[in-house]
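Below is one structure; the comments refer to it alone.
Sequential numbering from 1 along the given sequence is applied to the chain's residues. Heavy-atom basis, side chains included; hydrogens, waters and symmetry copies ignored.
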Amino acid sequence: YDLDLTTDLANSYVSIDELSSKCKEMCFSDQVAASTCTKVPLDIDSTAIPNLSFELLLKTRSYPAHLSWIMSHDDSPFDRSIMMMEQSRFGPNKIALGVGAAYTSTVDVLPVDEYHHLVAVWQGGGGGTATL
């Protein structure tokens with residue numbers, strides 16, 4: 001998808017930082033309301049896309065005190081999403097994937113200020129499995 005980031009950039013919800021002459025990164029503000037999130041017009045619900053993968057290169061600069069969800073669609077509880085740290089439902093200091101219900105994650109949060117290659121895979125639609 002080609003995203004129009006004009007409004008996001010103008011309102012400082014997103015910024016583009018140049019790392020080098022050949023590399024740029026998109027940075028998202030961590031202190032904005034959900035209504036300001038950058039949105040991609042794609043239904044990723046398990047009934048629409050039973051098998052789905054997200055792959056991203058990311059660097060977390062800090063973790064908020066509460067929710068830290070990325071790459072998510074939120075139209076009901078525990079939607080497909082990557083929760084960088086979600087203390088209350090998946091275990092303290094753990095990364096989890098939204099799969100339709102709470103569970104105990106075994107994946108530790110990523111260290112801050114380091115780049116990480118993250119792949120999330122959902123298989124089988126509702127009631128299926130997910131791997132991080």
Heavy-atom closest pair, residues Met85 and Asn93: SD-OD1, 3.6 Å
From CG (Leu56) to NE2 (His117), nearest 0.5 Å: 7.5 Å
Phe54 backbone acceptor or donor facing Trp122 side chain under 3.5 Å: no
Note, Leu52 side chain near Val121 side chain (heavy atom, < 4.5 Å): no
Pairing of Lys94 and Asp108 as salt bridge, 4.0 angstrom limit: yes
Ser81 side-chain N/O to Met83 backbone N/O, donor-acceptor pair under 3.5 Å: no
For Leu110, side-chain contact (heavy atoms from CB on, under 4.5 Å) partners two or more places apart: Leu58, Tyr63, Met84, Ile95, His116
Minimum heavy-atom distance between Val119 and Glu55, given as atom pair plus value: CG2-CG, 3.9 Å
